[in-house]
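Here's the structure, in structure tokens; my notes come after.
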Amino acid sequence: MAAVSLRLGDLVWGKLGRYPPWPGKIVNPPKDLKKPRGKKCFFVKFFGTEDHAWIKVEQLKPYHAHKEEMIKINKGKRFQQAVDAVEEFLRRAKGKDQDLTIPESSTVKGVMAGPMAAFKWQPTPVKDADPHFHHFLLSQTEKPAVCYQAITKKLKICEEETGSTSIQAADSTAVNGSITPTDKKIGFLGLGLMGSGIVSNLLKMGHTVTVWNRTAEKESFSRHLFCAYCEVEHRSRHQCDLFIQEGARLGRTPAEVVSTCDITFACVSDPKAAKDLVLGPSGVLQGIRPGKCYVDMSTVDADTVTELAQVIVSRGGRFLEAPVSGNQQLSNDGMLVILAAGDRGLYEDCSSCFQAMGKTSFFLGEVGNAAKMMLIVNMVQGSFMATIAEGLTLAQVTGQSQQTLLDILNQGQLASIFLDQKCQNILQGNFKPDFYLKYIQKDLRLAIALGDAVNHPTPMAAAANEGLQYGRISNILNFMAYLGLMLYLFT
């Protein structure tokens with residue numbers, strides 16, 4: 001969007017990243033909400049939602065001048081309700097020149113307190129809410145246990161019956177926008193699907209971050225083909241450079257990052273990678289000295305994370321495991337769920353980081369508990385998706401509408417944003433991965449092993465893993481046939 005001349009009170013179309021433009025109004029931000037450094041921006045309150053954010057001026061357009069254009073390209077129910085809310089706002093403004101209030105969706109349960117009290121919200125009924133809407137903006141309006149006092153208190157500690165503790169962010173845009181970043185130096189090792197989004201959000205919220213990532217020095221033609229076809233993760237040599245441009249510093253080795261930072265996070269693919277990162281040449285352990293903190297966000301088994309904790313602590317370091325539940329999109333949006341265990345004091349020291357990267361963080365006690373819980377969560381998710389995929393293919397081969405199947409599921413007890421998003425991608429032929437198949441299989445295998453260790457059967461997970469393995473074998477066979485065709489054509 002081109003830059004325009006705007007001022008406080010103007011109605012605008014605001015664009016957040018790659019999400020579609022949404023109607024909003026330029027308003028005064030809360031007093032404790034600092035304006036981002038860099039390019040000129042305005043604080044925008046979006047209609048029909050609880051969302052509000054700093055938006056760069058080049059991402060804004062006047063409402064009236066572009067209304068017809070925006071209505072043509074956006075057809076969702078929640079979008080239309082937001083436009084209706086703007087029109088209602090304009091009608092009220094004509095009758096009350098001095099009492100301009102923004103109507104809000106029925107999902108708002110009350111008027112916000114604290115620094116947000118200056119806003120006057122007038123609820124308007126919303127019927128048939130579109131479940132896709134929450135993916136289009138920075139925050140979600142239907143999170144459990146939302147606490148708006150967190151905007152000023154920064155976090156909320158909730159003790160549950162299970163003994164776990166959670167740091168629950170309120171509205172993501174509001175809380176993340178007003179995060180006071182820790183003054184500790186942060187390191188981050190691993191810039192894969194999840195790590196890249198995490199680092200980006202840490203930087204956006206003002207943290208000082210030093211990054212390190214493994215790079216592929218040489219890539220043959222055949223490896224590029226295999227990467228494109230079989231979901232093998234490709235690490236570009238320039239990946240760190242992108243974050244350096246955003247303000248990150250570059251570490252030459254894991255040991256160097258740990259030695260120069262107060263808290264170092266790591267997010268790698270599997271138990272072997274996690275061990276190699278710590279115990280390998282120029283690894284994390286070589287940089288650990290008394291007081292240094294290491295937070296492993298990888299999804300691994302409890303034995304691996306316990307071993308890593310022991311070697312870190314033996315050198316005088318502090319250790320926290322903090323695997324994350326989510327996918328690439330949620331990582332980019334700062335909406336991950338973080339499961340932590342280990343050093344409770346370190347968990348609290350990481351609060352501003354966890355708020356930047358996630359919507360909720362749980363503390364689960366001693367080292368190993370978070371690994372076990374994460375594997376159970378991913379086991380449920382992996383089994384669920386295997387069943388959904390099976391159902392969609394069975395509907396297809398029996399002549400049933402896959403879209404109708406999805407509509408039926410979304411009207412029942414299985415309805416969820418996760419289900420709808422995944423199925424819509426399948427129906428639209430969008431198979432770009434936001435979580436690699438090989439990692440789901442890894443988690444299923446580890447979950448099955450966890451069950452075996454305590455003599456608890458996991459037949460559903462085992463069946464899902466077999467199904468996914470069959471799918472991967474089919475992919476490999478198809479790829480081999482494709483490669484044979486390529487060789488035939490070019491030799």
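- Taking OG1 from Thr458 and CG from Leu450, the interatomic distance works out to 8.5 Å, rounded to the nearest 0.5 Å.
- In this structure, the separation between CD on Gln396 and CD on Gln402 is 4.5 Å, given to the nearest 0.5 Å.
- With hydrogens and angles disregarded, no donor-acceptor distance shorter than 3.5 Å links the side chain of Lys372 to the backbone of Ala447.
- Residues Tyr347 and Ala340 share a closest heavy-atom pair of CD1-CB, 3.6 Å.
- When all heavy atoms of Ser325 and Val377 are compared, the pair lying nearest together is OG-CG1, 3.9 Å.
- Residue Met385 qualifies as enclosed at atom CE: its count of foreign heavy atoms under 6.0 Å is above 12.
- Nearest approach of Gly195 to Cys267, heavy atoms of both residues: N-SG, 4.5 Å.
- Side chains of Glu366 and Asn369 form a contact here, defined as non-hydrogen atoms less than 4.5 Å apart.
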| Run the side-chain contact (heavy atoms from CB on, under 4.5 Å) check on Lys359 and Leu336 step by step: do they pass? | CA-CA 6 Å; Lys359 64 176 180 179; Leu336 296 170; over 6 Å; no
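- Of all the heavy atoms in Thr304 and Pro271, the pair that sits closest is OG1-CB, 3.6 Å.
- Within the model, atoms CG of Leu203 and CD of Gln245 stand 12.0 Å from one another, a figure rounded to the nearest 0.5 Å.
- Side chain of Ser200 to backbone of Gly197: no donor-acceptor contact under 3.5 angstrom is found.
- Between Ala82 and Trp22, the shortest heavy-atom distance links the atoms CB-NE1, 3.6 Å.
- With Tyr294 as the aromatic partner, Arg318 does not meet the cation-pi criteria of under 6.0 angstrom to the ring centre and within 45 degrees of the ring axis.
- Side-chain contact between Asn201 and Lys204 is present, with at least one heavy-atom pair separated by less than 4.5 Å.
- Cys293 has its side chain out of reach of Thr264: every pair of non-hydrogen atoms, C-beta onward, lies at least 4.5 Å apart.
- Side-chain contact between Thr182 and His207 is present, with at least one heavy-atom pair separated by less than 4.5 Å.
- With hydrogens and angles ignored, the 3.5 Å screen pairs a side-chain donor or acceptor of Lys442 with a backbone N or O of Ser269.
- Gln403 and Asp407 share a donor-acceptor pair across their side chains, judged by distance under 3.5 Å alone.
- Side-chain N or O atoms of Thr393 include one that pairs as donor or acceptor with a backbone N or O of Ala389 at under 3.5 Å.
- Distance check, rounded to the nearest 0.5 Å: CD1 of Ile388 to CG of Leu409 gives 5.5 Å.
- In this structure, the side chain of Ser196 engages the main chain of Gly192 through a donor-acceptor pair within 3.5 Å.
- In this structure, CG on Leu346 lies 5.0 Å from CG on Leu320, to the nearest 0.5 angstrom.
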| request: Please test Leu277 against Trp212 for side-chain contact (heavy atoms from CB on, under 4.5 Å), starting from the C-alpha separation and ending with a verdict. | output: CA-CA 11 Å; Leu277 187 62; Trp212 175 88; 3.6 Å; yes
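- Checked by atom type and distance alone, the side chain of Asp343 pairs as donor or acceptor with a backbone atom of Gly345 at under 3.5 Å.
- Applying the salt bridge (Lys or Arg N to Asp or Glu O under 4.0 Å) rule to Lys185 yields no partners; only residues at least two apart in sequence or on another chain are considered.
- A donor-acceptor pair is defined here as one N or O able to donate and one able to accept, closer than 3.5 Å; no such pair exists between the side chain of Asn465 and the backbone of Arg445.
- Not one N or O on the side chain of Asn455 forms a donor-acceptor pair closer than 3.5 Å with the backbone of Gly451.
- Between the side chain of Glu256 and the backbone N or O of Arg252 there is at least one donor-acceptor pair closer than 3.5 Å.
- With contacts defined as side-chain heavy-atom distances shorter than 4.5 Å, the pair Arg249/Val211 does not qualify.
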| task | Tell me, with the steps shown, if Cys261 and Phe188 meet side-chain contact (heavy atoms from CB on, under 4.5 Å). | result | CA-CA 9 Å; Cys261 295; Phe188 204 97; over 6 Å; no
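- Taken from OG in Ser298 to CD in Glu321, the straight-line distance is 10.5 Å, to the nearest 0.5 Å.
- Put simply, the side chain of Lys292 gets close to the backbone of Ser259: a donor and an acceptor are under 3.5 Å apart.
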| field | Met297 and Met357: CA distance, side-chain angles, deciding distance, side-chain contact (heavy atoms from CB on, under 4.5 Å) verdict | value | CA-CA 12 Å; Met297 307 192 77; Met357 65 181 74; 3.4 Å; yes
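- Residues Val300 and Asp270 form no side-chain contact, since every pair of their non-hydrogen atoms from C-beta on lies 4.5 Å or further apart.
- Between Cys350 and Val295, the closest side-chain pair of non-hydrogen atoms falls below 4.5 Å.
- Annotation: side-chain hydrogen bond (donor to acceptor under 3.5 Å, both in side chains) contacts of Ser282 (sequence neighbours excluded): none.
- Ring geometry for Phe265 against Phe354 counts as perpendicular: the plane angle is over 60°, on a 0 to 90° scale with 30° as the lower cut.
- Across Ser383 and Ala461, no two heavy atoms sit closer than the pair OG-CA, 3.7 Å.
- Residues satisfying the side-chain hydrogen bond (donor to acceptor under 3.5 Å, both in side chains) criterion with Asn378, sequence neighbours excluded, are Asp443.
- A 6.0 Å sphere centred on CD of Gln428 holds more than 12 heavy atoms belonging to other residues, nucleotides or ligands.
- Residues Leu364 and Leu339 have side chains in contact (heavy-atom distance under 4.5 Å, counting atoms from C-beta outward).
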| field | Check against side chain to side chain donor-acceptor pair (under 3.5 Å), Asn332 and Gln328 | value | CA-CA 6 Å; Asn332 293 340; Gln328 184 180 25; 5.3 Å; no
